[in-house]
Every structure is written in C-alpha cells, then in structure tokens.
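Proteins get letters first, then strands, A, B, ... in listed order; numbering begins at 1 in each.
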Amino acid sequence: MRILLVEDELRLAENIVAALRETGLVVDHAADGEDGAHLAEQGVYDAIILDLMLPGKSGQEILRDLRRRQMNTPVLILTAQEGTASIIELLNAGADDYLSKPFDLGELIARVKALIRRGKGVSNSKLTVADVEVDTIHQTVTRNGEPIDLSPTEYRILEYLIHRPRAVVSKRELLEHLYDFAWEHHSNVVEAHISNLRRKLNAVGDEPLIATLRHRGYRLTGDSRRE
Amino acid sequence: MNKGEISITRRLVVTVLALEFLSALVLICAVTVHEYDVELRGFDANLTGTARMIMGSVEDADDADDNVVLDLHNTPLERDAFYRVEVDHGKVLGSSGDRNAIAEVLSKSAGFHQIMIGHRKYRFTVLHDVRVVDPGLPTGGVRHNVTIVYGRPVGRVWHEVFEAIRFFIIATALLLGITAIMIAMLIRRYLSPVYQLADAANRVNGVNWQFDAPESAKQTKELRPLARALEAALARVQLSFEQQKRFTSDAAHELKTDVAIVKSSLQLLSMRKRTVDEYSQGLALSLDDFTRLETTVEKLLTLARLEQPVMARDGVVAPGCSMKKIIEEAVHQSMAFGQLKEIEVGVELAENADVPLDRRDALLLCSNILVNGLQHSNHGGKVWLSLARMDGDIVLTCRDWGEGISEEDRPYLFDPFYRSDLSRSRKSGGTGLGLSICRAICTRVGGSIDIENHPDGGALVTVILPVFRSVPISK
C-alpha cells in the first residue's frame, strides 16, 4: 500500500514516514503544497495524509482540487488549527478523517490503515482468500492455520492482491502501489517476488492461489471471505 | 437617584422654569404698578366727584344772615367714607369719622393726602370753594368759603389691583406647569439619539465587534464627535483584539506542531525494540526536537515580556549600554554561523552612543538582525553593519546581498509567526518571532525598525533608537 504524506515540517514528516514504513507501508513525502498536489493527482496512492498550512498551496486547496477531479483517494487531514468549524468544513469538502496535532503516532497509523481498508470496501483488518488468512495489523499470513514467513515485499504484494479479489492487477499497478519514487522501477523485480510468494504459499497448501494472466497481470483465485 | 448625579434633563427643566418664573414675576410687578396707578386715578376721580357733590349739597339756609347749610339727603356717601364740611374757617356744617385726623388733613393745602387712621390708611381730598348766597343782589351776595374734606380707605385700591392681577397669576402658573411637562417630554425626545447610541455601543461584545453609530446620532451635531470617537475607538480595540487572537492562535499552532514533533519522535522510538545505537540516535534527535520547542517557548515569553509596558521600578533606571560593544558582541556570537556559510561580516562603527536598552535586549536586537541578514544571504555573500547618528538619534543599518524581500511580504514582516513562503518551512530554523521581538524592543523605547530593498539588491534593515540620557535618580 502506498501513502502520500504532504507535510512541511521536516522533522515531523521524517517521523511519520519512518513510522509508516515500519508498519509495511510505502510512503512518498512532499514538503510543500505544489509538490503535494502534483503527486496526489498521480492517482497511485491508497491514502493521503495532508497537512493544512502548507507553503505554495494549502491543504484545503489540494483536497478541493483532488475531489473536483473525481479522485476518491481517502484523505486524512493533520491539523493544528482550533475549532470545530474548520473540521466540519473539511469533512464537507471531502476529507475522510482528521487528526489534531499533537497526535498519537499509533493512532495515525491505525486510522490510515482503516482508511485504506474502507477505500477498498473492506472493514475488517483480517482478510481471507480460500484457506489463506492475512492479518493486516500484525502483518502475519497463515494457510490452514500454519504461519507463513514472508519478506516485507512479498507480504505487501499479497496484501495488495487480497484487497482486490478476482480483479486483474497489472505489474505496473503493483509497482505503483508497492514502491515509492525512490525505487528503481524494474518489472522483473515483481516477477521474482511473485514466484517466491507462490513457492512459500504452496509449501503448506496445494491449490495454486495466484494466477498469472499473460500480458495482463495477476489475479487471486479462490473465494475471498472477509470475517 | 444617586447623590451627586448630574441630570441634564433636570438642569434644563429647572433653568427654563426658573427663567420663565422670573419673567412672569417681573411682568406681574409691572402689571401691578400699572394697575395700581390706574385704580388710584379712578379712586381719586371718585373722591373728587364725591367732594364736588358734597359741595353741591351746601345750600342756602334762607335765613337773615344768608348762612349756608349742608343737606346730604340727595348725596349718597360710602359707608366707610370720612368727610367734614367747614364754612368760613371753623364753622362745621357736617362731618363723620375721626375728627382729629380730619382736622389734621384740613390744615393741609388743597389736593390729595394720605394718612393713617387707626390701622387703616385713608386717602383724602381737600376742596376749597366759595359759595355765594343770593348772587343776584346788587351787593353781589354773601360769599362763604367752604372747605370740604372727603376720604376713603385706600385699601380698596389694592383690592381692585389684586382682582385685576389674579388672572395673570393663574395664567402664569398654568403656563409654568404646561411648560414643565412639555420641556421634559421634548428633552427626552431630543436626547433619544444619546440612548440609541448607548444601545448600539452596548451591543458590542467580544464576539460581535460590529459598531455602526445610529443615523440619529450621526445627524445630531452635538453627538457626531462622540459617535465618531466611539467608532474609531472600537475599531482600534477590535484591531488589537484580533491581532491578539491571531497571535494566540498562531502561538498555539506553533507550539502544537513542536509538541507533535517531540511526541512523534519518542513514539517512533518506542514502536518496537531497537538496538542501542538506534536508541541513542533517536534520543539525540528527540532532544533536538525538544530544544526547538524550548526555543519557541522562550521566544514567546520574551515577546510577551517585551510587550509589557516599561515600568520604572522604584526610580531605578536601567543603565544605558554602548551600541558599539553590543554590536561587537553580536558579531562575535554569530561568527560560527557566518563562517559556515562563508559570509563576510563587515562592521563600520563611525559613531557610538549609549541606548536606553537593557544590555540583554540590545544584544538580542543586534544579533537577531545580524542572524536574519546571514540567513538571507547566499553562500559566500556579505553582510554589512553600520552605526551612525541622525538628528540626535542613533541609526543601526544592516545590509545583506541576498534575495531581498517581496513587496507583498513587506507589511507583514514584523507580524509574529509571519514567514515569507521561501523560509516558511523552518528550513532556516526560524520561529518567525525574531523580527517581532526586534520591533517590540525598538518600540518599547520609542525607536523604530524597518526593512526595505536596497536599490543595488539585497535587504536593508534600518533601526533608529533614541540616545540614552542619564536621568538623575529622584527619590
């Protein structure tokens, strides 16, 4: 899952980025409003964390322009401003959630994850497809109750696919959502990770879970159930 | 009603009524005098007429001596009238009333006389005439000198006068009453703009600052200055109130952000178990973040202290301090920062003077200006400080060769927490309070500070401070 953080306080941004990365999310950071708006409009993010007081373009403007372009990426607002009036205004303008500074880092992460799930039409943090269960909080994967040890990237691929059951996910989409801009894009990296993931999943079960559709991408097979 | 309270309405009513009462009094007096005069003439005419009638009643007695007699049968006399008829000096034909008093009048010449008889004042007329008996005789008849005294109490005149002026008195009293009511009503009506103005002013509170003086007050010549003064005063108060509000909200924003950074640093560190190296690195970063919070708090407190009015504490006047020394100290302090950016700092101290500033504040002012210049200079640039005198003031200028200031930022540069977009994100490490603190220091002692673009590029900060004059310590 890929997150965009737009925050001009560098130290705060560093901390948030580090924390989000530690929980397995991919994060891009923009330090001013114009960069932030530009990145947000790429449409590759699963959620956006937006500060309000930004140089260049304010958070409100970024949000407004985003919604005007019919982009439905979930947005969480970080605000140090007082008053409920501005919160109501923000929620009405299309924000999905807000946190006031100083906030709790754990709460921020939980809210971002909840926003991602909601954005994909899921409400539970535990996702199941066939006999595979993914716990998005603890980032653990089990098949038939047997824990499977995955690398962070393999986990992210599985998590992303399980959020989009039966849909064909292209290599490009996977790249966009799994890596930030600092990463060199090589599509064979994805292929290598997918093959490792298949091998690890098949070690405990027999049914192949990830189908490859030539030139189109990947698809999770089997019924997905959300508990 | 409070004791000592002054009511314009009451004063006006009392004044108008008093004036009206006085003029009525004068008028009544004049009328009385005039009326008395008229009545007295009538009275006198009446006396003279009656006296003549009495004279007519002196008739021939038809005797041998050609005497005369008094026959008053056809002459009705007032009951309270006194009279006496004498013929030929001593012979009394008839009389009534106090003889002695009448005798006293008799000795007087002809005309009108007033005397007191008992407790009453009487007015008499004395009439001398000659009565000729048998004027048809060749001898020409017998001549009798007749003297008639006739008088009545003069109180009757006053009675008539009072009758006549009673009307005036009643009319005046009525007029006074009507005037009192009318004037009270009218004054209340005329003063209604005052109450409307007060009402409008009353509606102003901390939330609703809108104050428009009512039209009625603006159209009243006497109230216009008050209405305008109120509007202007409220506008000023509103401005400073809003500035204060903005400052508070900005300060809260700033503090919350700094706290958020410290908190997130510590939470990040405690998210999972880390190595000793990671911990010590994280703690060092957290300490930096905390220092930043501390700096913000410190600057806020400094600004709050500087915005307090200067208090001369028990006659102790802060000693002035030498600007030259302070500038040298400021340059020394920021040397490291200047060397880091390889900026040349030039100092030209043509003049020196003591300024009426606390040493600490003076140093804060100079180093803030210098550091500001250094921050806005390019790598390898130049900052130039100079001290000069102008019209008895001391002028400190700081020039840099950086990017200068934009015209749209200029009005706000000294506002607390204002950062031009370029330096907003605190990359430069400023809190946005440095220039506000400088301005507070300058205005506190009656000086000024201004920033403009130098025609040859870069910014020019000009500080004007009064020169310190030692004031003898008074007990």
Side-chain angles (χ1 to χ4, degrees), chain A residues 5-25 27 29-36 49 51-59 61 77-83 85-86 98-113 137-139 152, chain B residues 207 245-275 278-279 281-297 406 408-409 417-432:
Chain A
L5 170 68
V6 191
E7 167 63 66
D8 64 330
E9 290 296 340
L10 290 183
R11 280 291 301 134
L12 189 59
E14 277 169 22
N15 287 339
I16 296 172
V17 168
L20 291 173
R21 282 188 180 145
E22 285 196 3
T23 57
L25 295 165
V27 189
H29 169 232
D32 67 61
E34 270 148 25
D35 283 359
I49 303 173
D51 184 28
L52 286 184
M53 296 248 289
L54 293 166
K57 192 172 179 182
S58 77
E61 287 172 316
I77 301 282
L78 280 185
T79 168
Q81 281 169 345
E82 295 277 347
S86 65
Y98 79 94
L99 263 182
S100 330
K101 292 178 188 173
F103 51 84
D104 189 285
L105 209 50
E107 188 182 349
L108 174 70
I109 291 164
R111 281 180 188 264
V112 168
K113 285 194 167 175
I137 301 289
H138 301 102
Q139 298 185 23
Chain B
V207 183
K245 217 160 96 180
R246 195 167 54 230
F247 177 80
T248 312
S249 130
D250 286 350
H253 184 269
E254 216 63 22
L255 288 173
K256 278 182 185 173
T257 306
D258 286 354
V259 170
I261 294 171
V262 175
K263 191 170 171 183
S264 65
S265 295
L266 292 172
Q267 283 181 336
L268 177 65
L269 207 57
S270 59
M271 267 175 76
R272 58 175 171 82
K273 282 237 176 279
R274 293 176 196 275
T275 64
E278 279 174 336
Y279 274 128
Q281 216 176 354
L283 279 178
L285 277 174
S286 300
L287 193 62
D288 282 352
D289 297 334
F290 189 79
T291 309
R292 195 179 118 166
L293 171 62
E294 198 185 355
T295 310
T296 306
V297 171
S406 77
E408 63 186 88
D409 286 341
F417 303 110
Y418 185 82
R419 297 188 200 105
S420 61
D421 245 11
L422 286 169
S423 60
R424 251 196 84 103
S425 54
R426 279 201 182 176
K427 272 175 254 176
S428 51
T431 50

Can you name the closest pair of heavy atoms from H253(B) and A80(A) and give their distance? CD2-CB, 3.3 Å

Atom OG of S264(B) and atom CZ of R11(A): how far apart are they, to the nearest 0.5 Å? 7.0 Å

Just how far is it from atom CZ of F103(A) to atom CD of Q267(B), taken to the nearest 0.5 Å? 8.0 Å

Name all residues meeting the salt bridge (Lys or Arg N to Asp or Glu O under 4.0 Å) criterion together with K113(A); count only those two or more places apart in sequence or in a different chain, and write none if there are none. none

Quick one: list whatever passes salt bridge (Lys or Arg N to Asp or Glu O under 4.0 Å) with R246(B), sequence neighbours left out. none

Quick one, K263(B) with N15(A), criterion side-chain contact (heavy atoms from CB on, under 4.5 Å). Give me CA distance, side-chain angles, the key distance, then yes/no. CA-CA 10 Å; K263(B) 191 170 171 183; N15(A) 287 339; over 6 Å; no

Beyond-backbone contact of I261(B) with E9(A), side-chain heavy atoms, under 4.5 angstrom: yes

Okay, L108(A) and chain B: the region with an atom under 4.5 Å from a heavy atom over there is neither

The interface call for D104(A) against chain B, heavy-atom contacts under 4.5 Å, is both

As a quick check of understanding, evaluate side-chain contact (heavy atoms from CB on, under 4.5 Å) for M271(B) and I109(A), giving each step before the final call. CA-CA 11 Å; M271(B) 267 175 76; I109(A) 291 164; 3.7 Å; yes

In terms of heavy-atom pairs under 4.5 Å with chain A, which of D288(B), V259(B), L268(B) leads? L268(B)

Region of L285(B) in contact with chain A, defined by heavy-atom distances below 4.5 Å: both

